[in-house]
Amino acid sequence: MLKFQVHSPGKVILHGEHAVVYQKPALAAVVGLGTKLQLRTQAAGQVASFQLDALNCTLEIDLKEFNAFLANFRSKYPGDKLDSTAKLMEEVRAEVAKQLERSVGSSPKQHTQRAFISIYYLLAGAVLTAPNQPALTLESGFQVQVDTELNVGAGLGSSASYGAALATAFLILAGHFDQSSYLQDENLALISHWAYESERVNHGTPSGVDNTVCTYGGILRFVKGQGFQSLKIQKPLNILLVDSRVSRSTADIVAKVRHLAEEFPQLIEAIWQACEQLVNSAIPLYESFGNAQDDSQKFEKLERLFQINNDLLKAIGVSHPKLEQIFTIAFKRGFFSKLTGAGAGGYAIVLLPDNYEGNEVYWKLKEELEGAGFGVHVTTAGGVGLRVSSLDD
């Protein structure tokens with residue numbers, strides 16, 4: 001019996017949000033919160049069952065039907081190595097629509113539909129590309145339970161985290177690698193690739209940032225269309241993630257900023273250039289913070305950069321009264337903060353010093369934020385990426 005669990009983290013944008021849309025660099029960091037997946041095979045079963053706690057639903061795949069789908073795909077596209085996944089995506093969408101119509105009778109919620117497409121697509125992809133087993137089928141059922149600490153649609157990379165966890169589980173199930181070898185470079189690249197594919201179900205044309213940082217961890221510098229570089233950090237940063245509890249549409253906010261950039265092109269370009277300089281100034285601080293030399297001075301500089309970055313984001317109009325309330329509460333207590341991601345709601349990050357737990361002011365800050373109705377999570381930015389571990393029932 002195969003049983004294991006996967007922890008796949010979420011992410012925050014530390015610097016460069018919005019500017020990244022205009023070809024400027026941004027820094028993304030993995031956070032300590034994430035998605036937990038548990039998989040257990042059931043020798044006698046003929047069903048794959050998925051309990052998705054965040055969506056409050058259970059989905060099932062009949063393995064006989066799934067194997068028939070695989071056989072049909074293989075005969076339709078003989079020798080297809082899935083170099084292009086468009087055909088598979090198309091076939092999966094048609095198959096899932098057919099199955100949902102039959103089982104539910106009416107259209108399920110969009111979230112549920114996307115979740116089912118992601119699962120079916122990743123599972124089919126993992127089995128169809130199984131090494132040394134060109135005709136692999138799934139003969140025994142299994143149970144998957146997925147739970148997440150990440151709010152869906154809040155800019156914390158929840159869909160990439162979910163995709164990376166599923167991809168890892170299915171790639172292990174199909175024999176691409178196992179619990180002892182998943183951290184090898186080519187296997188992490190495979191996980192990241194399929195997590196990206198899962199993101200396409202949710203976002204159409206994702207940037208590739210979320211799946212990369214969720215898989216590899218740490219802090220990444222990225223420029224749209226130019227790939228990624230990992231920062232060589234000494235240790236993760238302590239942060240407070242504060243949920244404004246204001247939901248928003250990223251697409252709408254990006255469109256508003258684009259309108260502003262068209263109205264005042266030189267002015268907004270100057271802001272993007274300032275954002276680029278800020279990223280360039282931040283990188284050496286992140287890379288050297290934690291080696292004990294002048295750490296308090298480096299931390300103060302990072303605090304200043306947080307404040308400058310936040311003011312630049314306010315200048316393009318992506319703050320919100322609830323975010324302003326968070327900034328004020330933090331600043332009053334001597335802490336520096338900024339919005340992260342699209343803004344206009346979502347999350348703010350408060351930078352915490354090393355010894356924050358022994359600091360009475362920190363506890364007062366946490367209490368005041370919670371008292372004001374915000375969601376507060378103490379975590380880290382820049383820690384480890386995806387991890388697989390044994391499951392002891």
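By the 30° and 60° cut-offs, the orientation of the rings of Phe50 relative to Phe142 is perpendicular. Ring pair Phe299/Phe289 is tilted by interplanar angle, where 30° to 60° counts as tilted.
Residues Tyr196 and Leu37 do not share a hydrophobic cluster, clusters being chains of Ile/Leu/Val/Met/Phe/Trp/Tyr side chains in contact below 4.5 Å. The hydrophobic clustering, which links ILVMFWY residues whose side-chain heavy atoms are closer than 4.5 Å, places Val47 and Leu59 apart.
Heavy atoms from other residues, nucleotides or ligands lying under 6.0 Å from NZ of Lys235 number more than 12. Counting heavy-atom neighbours within 6.0 Å of Phe331 CZ, excluding the residue itself, gives a total of 12 or less. Heavy-atom contacts from other residues, nucleotides or ligands closer than 6.0 Å to CD of Glu263 number more than 12. The neighbour count for Glu65 CD, taken as heavy atoms of other residues, nucleotides or ligands under 6.0 Å away, is above 12. The neighbour count for Glu360 CD, taken as heavy atoms of other residues, nucleotides or ligands under 6.0 Å away, does not exceed 12.
Ring to ring, Phe66 and Tyr120 are close: their centroids are under 6.0 angstrom apart. For an aromatic pair to be called close, the ring centres must be under 6.0 Å apart, and Phe228 with Tyr216 fails this. Aromatic rings from Tyr286 and His15 are positioned such that their centres are separated by under 6.0 Å. If you look at Tyr182 and His176, their ring centroids are not closer than 6.0 Å. Between Tyr356 and Tyr362, the ring centre distance stays below 6.0 Å. Checked against the 6.0 Å centroid criterion, the rings of Tyr77 and Phe73 qualify as a close aromatic pair.
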Glu139 and Asn67: CA distance, side-chain angles, deciding distance, side chain to side chain contact (heavy atoms under 4.5 Å, CB included) verdict:
CA-CA 9 Å; Glu139 297 308 322; Asn67 290 331; 4.0 Å; yes
Derivation of the salt bridge (charged side-chain N to carboxylate O under 4.0 Å, His left out) call for Lys366 and Glu370
CA-CA 6 Å; Lys366 193 168 180 286; Glu370 285 168 342; 3.2 Å; yes
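In summary, Arg200 and Glu197 engage in a salt bridge, as defined by a charged side-chain N under 4.0 Å from a carboxylate O. The pair Lys36-Asp147 fails the salt-bridge criterion, with no side-chain N (NZ, NE, NH1 or NH2) lying under 4.0 Å from an Asp/Glu carboxylate O. Salt-bridge annotation for Lys301 and Asp294: absent, with no side-chain N of the basic residue lying under 4.0 Å from a carboxylate O of the acidic one. Salt bridge annotation for Glu269-Lys24: present, with a cationic side-chain nitrogen under 4.0 angstrom from a carboxylate oxygen. Here Glu17 pairs with Lys338 in a salt bridge; the nearest charged N to carboxylate O distance falls below 4.0 Å. Between Glu95 and Lys98, at least one side-chain N (NZ, or NE/NH1/NH2) sits under 4.0 Å from a carboxylate O, which counts as a salt bridge.
Listed for the Ser244 side chain is a donor-acceptor partner under 3.5 Å among the backbone atoms of Gly346. In terms of modelled atom types and a separation under 3.5 Å, the side chain of Trp194 and the main chain of Leu166 share no donor-acceptor contact. Between the side chain of Gln38 and the backbone N or O of Phe4 there is no donor-acceptor pair closer than 3.5 Å. Between the Ser198 side chain and the Ser118 main chain, no donor and acceptor come within less than 3.5 Å of each other. Ser161 places no side-chain N or O within 3.5 Å of a backbone atom of Gly157 that could act as its donor or acceptor partner. Judged purely by atom type and a 3.5 angstrom limit, Asp178 uses its side chain to pair as donor or acceptor with the backbone of Ser181.
Pairing each heavy atom of Val318 with each of Leu339, the nearest pair is O-CD2, 3.5 Å. The two residues Ala164 and Leu386 come nearest to each other via the heavy atoms O-CD1, 3.7 Å.
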